[in-house]
Chemist: 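Here it is, the structure in full.
Here the structure is a predicted model, which means the values were calculated and not measured. Chain A is the first sequence line, chain B the second, and so forth, proteins listed ahead of strands; every chain is numbered from 1.
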Amino acid sequence: MPDLLDDLDRRGLIHDSTDRASLGARMAEGPITLYYGCDPTAPSLHIGNLIGLLLLGRFQDAGHRPIALAGGATGMVGDPSGRSEERNLLDDAALTANVAVIKEQMGRIVDLDAPGAALVDNRDWTGRLTLLEFLRDVGKHVTVNQMLARESVKARLESEHGISFTEFSYMLLQANDYLWLHDHHACDLQIGGSDQWGNILAGIDLVRRVRSDTVHGLCWPLLTAADGTKLGKTTGARVWLDARLTSPYAFFQHWMRTDDADLRRFLAQFTRLPMEEVEAAVAAHEEAPQRRLGQRALAEHVTTLVHGVAEANAAGEAAGVLFGGDPRQASAAALAVVAQEVPGTSLEAGEALSGGVELAPVLVRAGLAASLSDARRQLQHQGIAVNGAKAAPDRQLGPDDLLHGRWVLLRKGKRDWAVVDAGRSRAAHDSVGPPS
RNA sequence: GGGUCGGUGCCCGAGUGGCCAAAGGGAACUGGCUGUAAACCAGUCGGCAUUGCCUACGGAGGUUCAAAUCCUUCCCGGCCCA
């Protein structure tokens, strides 16, 4: 087994760390307890959180003890890091629901039932902390001068939006988490994205001041895709771990579309493949980039990790049908798989194929267009294909369009597919419309 | 609390009575070229309707034939003063 820190280095996962040598020495002594926290600001984690969870897993594999923290308390306050504006606060019910989802998702990626591992919610200890205790036990150890020096605070002070006292206090809550975990779980390492570095340092300082103990921090570079956009977004929207928000098929496709330039890094950071295999996969890919072997390997690994083997296979199979060749040649069984994976709709009452069905409203229902205007625009621009063949702007759906007597495949642009299912009632089938 | 400046479409940002659904940039979408990639070129980018209507420029009122643009008031923020 190679040295863990060296391995992380090769994967490009170490952006910054507290004294590397002493951290290495501490890890060599025996199992270290480390934590990674996610705030429940949305109803699901997204692929950006995957790095941290996987990292917990990497440490676990190396014999260390991971703690996943759901920020039930910090989520109420809102982290100003990387934010140009004040956050909107979530109400209690939404927060509680989000925490439940996040906990489940964390457990899916990391084995939190293993001995030494833990899943915690910082609301459990922060919720009962009184204001006076907080001011005396935490606030007293931190100078406002230091807090003002933090980049995230500075940026907000200079912006016209300002920063509320609530968000300004955020770093103290997170620092207190570290202290609490250090006290109760002997946690000596906190990991996070580089945007968390300031918060992590605040915790390390607090532990040193209050307990005179040296604890560690490690952060990975905040990911951006090769084109400079923030990671975790496809077509402007986040890629969620929740299958209801991002279907396994869409999830799979997100990775299939990875830029060649990002392949090595993503394989290294989003999969548990040994680095030798990552290098081999990249080398194989570069032999014949047009075969997209690297993207496929990446998509299969990550989708399996998040949604399981069965879903990953189904998504891959559906992609094979859609991108393989002429969908009119596909078997009924293959189309059934596609219909499961791709967004879909069915015919409305009153829409009879024999009479010809207007395409635009169907595109909207299937989620391929945002509005009728948008749908018409796409048709006008030759952006829509029916069963793989470009559709004229006045194209209507008729009985001859049914594949295997049941399905019509619609495509927008090169890669967005949807299926019209004439064999099912609409109510049971609609599956469009995740939040943004 | 006082003064002052500001709140524009997904984001940034012009516009300061009609020619404004609102310049420009970014993002996004489609087409072309490709490898379900990148880069590049072209088009699109509030909604409904096939050249007309509706909804929009922080909220609510008002002035006017006509307001994102003027007035009143409320909410939110920056800066200065207390």
Chemist: If you pin A:R376 and A:F252 to their nearest nucleotides in RNA chain B, which one's is more 5'?
Modeler: A:F252

Chemist: Where the side chain of A:S371 is defined as all heavy atoms beyond and including C-beta, which of B:rU36, B:rC48, B:rC29 is the nearest nucleotide?
Modeler: B:rC48

Chemist: Let's see if you can work this out: which of B:rG35, B:rG31, B:rA38 has an atom nearest to the side-chain heavy atoms of A:Q295?
Modeler: B:rG35

Chemist: Does B:rC53 have a Watson-Crick or wobble mate here (both distances under 3.5 Å), and if so which one?
Modeler: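 Pairing partner: B:rG47.
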
Chemist: Can you check the distance between B:rA68 and B:rA14, where both ends of the measurement are the C1' atom (answer in whole Å)?
Modeler: 12 Å

Chemist: Rounded to the Å, how far apart are A:L263 CG and B:rU36 P?
Modeler: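 That distance rounds to 15 Å.
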
Chemist: One thing to verify: whether A:D416 and A:R411 come together as a salt bridge, which I'm taking to mean a side-chain N less than 4.0 angstrom from a carboxylate O.
Modeler: no

Chemist: Looking at B:rC79, which nucleotide sits across from it as a Watson-Crick or G-U wobble partner, both distances under 3.5 angstrom, or is there none?
Modeler: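 Paired with B:rG3.
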
Chemist: Looking only at side-chain atoms of A:D416, point me to the closest of B:rA49, B:rC48, B:rU30.
Modeler: B:rU30

Chemist: Separation of A:R415 atom CZ from B:rA38 atom C1', in whole Å?
Modeler: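 Interatomic distance, CZ of A:R415 to C1' of B:rA38: 12 Å.
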
Chemist: What's the closest nucleotide to the A:F323 side chain, out of B:rG35, B:rU36, B:rA37?
Modeler: B:rU36

Chemist: Using the C1' atom on both, measure B:rC48 against B:rU16 and round to a whole Å.
Modeler: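 B:rC48 and B:rU16 have their C1' atoms separated by 31 Å.
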
Chemist: Taking pairing as Watson-Crick or G-U wobble with both contacts under 3.5 Å, can you name the mate of B:rC20, or confirm there isn't one?
Modeler: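 Pairing partner: none.
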
Chemist: Let's see if you can work this out: which of B:rC45, B:rG32, B:rU36 has an atom nearest to the side-chain heavy atoms of A:A319?
Modeler: B:rU36

Chemist: For A:D374 and for A:G320, find the nucleotide of RNA chain B with the closest heavy atom, then tell me which residue's nucleotide is more 5'.
Modeler: A:G320

Chemist: Nearest to the A:Q378 side chain among B:rC29, B:rC48, B:rA37, which nucleotide is it?
Modeler: B:rC29

Chemist: Which is true for A:R292 with a 4.0 Å heavy-atom rule: it touches a base, it touches only sugar-phosphate, or it touches nothing?
Modeler: base

Chemist: Find the distance A:H285:NE2 to B:rG35:P and express it as a whole number of Å.
Modeler: 13 Å

Chemist: When A:L305 is tested against each of A:L53, A:L54, A:T271 for side chain to side chain contact (heavy atoms under 4.5 Å, CB included), which residue passes?
Modeler: A:L54

Chemist: Considering only side-chain heavy atoms of A:H381, which listed nucleotide, B:rG35, B:rU44, B:rA49, is closest?
Modeler: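 Of B:rG35, B:rU44, B:rA49, B:rU44 is nearest to the side chain of A:H381.
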
Chemist: From CG of A:D259 over to P of B:rC40, roughly how many Å is that when rounded to an integer?
Modeler: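 My rounded result for the distance is 13 Å.
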
Chemist: Look at A:S373 and B:rC48 and indicate whether a side-chain polar atom (N or O) is within less than 4.0 Å of OP1 or OP2.
Modeler: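 Yes, A:S373 has a side-chain N/O under 4.0 Å of OP1/OP2 on B:rC48.
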
Chemist: Could you check whether atom CZ of A:R209 has more than 12 heavy atoms from other residues, nucleotides or ligands sitting under 6.0 Å from it?
Modeler: yes

Chemist: I need the CZ-P distance between A:F165 and B:rG77, as an integer number of Å.
Modeler: 16 Å

Chemist: Can you find a donor-acceptor N/O pair under 3.5 angstrom joining the side chain of A:Q253 to the base of B:rU36?
Modeler: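 Checked by distance alone, the answer is yes.
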
Chemist: Using purine N1 to pyrimidine N3 plus N6-O4 or O6-N4 for Watson-Crick, or N1-O2 and O6-N3 for G-U wobble, each under 3.5 Å, what pairs with B:rC40?
Modeler: B:rG32

Chemist: Round to the nearest Å and state the distance from A:K414 atom NZ to B:rU36 atom P.
Modeler: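 After rounding, the gap between these two atoms is 8 Å.
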
Chemist: Between A:R395 and A:D401, is there a side-chain N and carboxylate O pair less than 4.0 Å apart?
Modeler: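 Between A:D401 and A:R395 there is a salt bridge, with a charged N closer than 4.0 Å to a carboxylate O.
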
Chemist: Please tell me if A:R257 has a side-chain N or O lying less than 4.0 Å from either OP1 or OP2 of B:rA38.
Modeler: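 A:R257 to B:rA38 OP1/OP2: no side-chain N or O under 4.0 Å.
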
Chemist: For A:S354 and A:P399, which heavy atoms make the closest approach, and how far apart are they?
Modeler: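 Nearest pair, atom of A:S354 first, then A:P399: CA-CG, 3.8 Å.
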
Chemist: Using atom C1' in both nucleotides, what's the gap between B:rG9 and B:rG46 to the nearest angstrom?
Modeler: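 Per the computed distance, 7 Å lies between those C1' atoms.
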
Chemist: What distance, rounded to whole Å, do you find between the two C1' atoms, one in B:rC74 and one in B:rU30?
Modeler: 44 Å

Chemist: In whole Å, measure the gap between the P atoms of B:rC29 and B:rA60 for me.
Modeler: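 To the nearest whole Å, 33 Å.
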
Chemist: Would a line drawn from the ring center of A:F270 to the ring center of A:W255 be shorter than 6.0 Å?
Modeler: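 Ring-ring flag for A:F270/A:W255: true, centres closer than 6.0 Å.
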
Chemist: Could you state the atom-to-atom distance from CD of A:Q380 to P of B:rC29 in whole Å?
Modeler: 20 Å

Chemist: Can the ring centres of A:W220 and A:Y36 be said to be less than 6.0 Å apart?
Modeler: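 Close enough - the centres of the two rings lie under 6.0 Å apart.
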
Chemist: Measuring only the P atom in each nucleotide, how far is B:rG59 from B:rU64? A whole number of Å is fine.
Modeler: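 Result for the P pair: 23 Å, nearest Å.
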
Chemist: Round to a whole Å and report the spacing from NZ of A:K412 to C1' of B:rU30.
Modeler: 8 Å

Chemist: Please give the distance between the C1' atoms of B:rC70 and B:rC57 as a whole number of Å.
Modeler: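 Per the computed distance, 16 Å lies between those C1' atoms.
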
Chemist: Output the single nucleotide from B:rU44, B:rU36, B:rC48 whose closest atom is nearest the side chain of A:L372.
Modeler: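 Of all the options, the side chain of A:L372 is nearest to B:rC48.
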
Chemist: What's the verdict on side chain to side chain contact (heavy atoms under 4.5 Å, CB included) for A:D242 and A:F251, showing C-alpha distance, side-chain angles and the deciding distance?
Modeler: CA-CA 10 Å; A:D242 188 324; A:F251 189 85; over 6 Å; no

Chemist: Considering only the C1' atoms, how many Å lie between B:rG17 and B:rU63, rounded to the nearest integer?
Modeler: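 Approximately 11 Å lies between the C1' atom of B:rG17 and that of B:rU63.
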
Chemist: Who does B:rC70 pair with, Watson-Crick or G-U, both distances under 3.5 Å?
Modeler: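 Here B:rC70 is engaged in a pair, and the nucleotide opposite it is B:rG62.
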
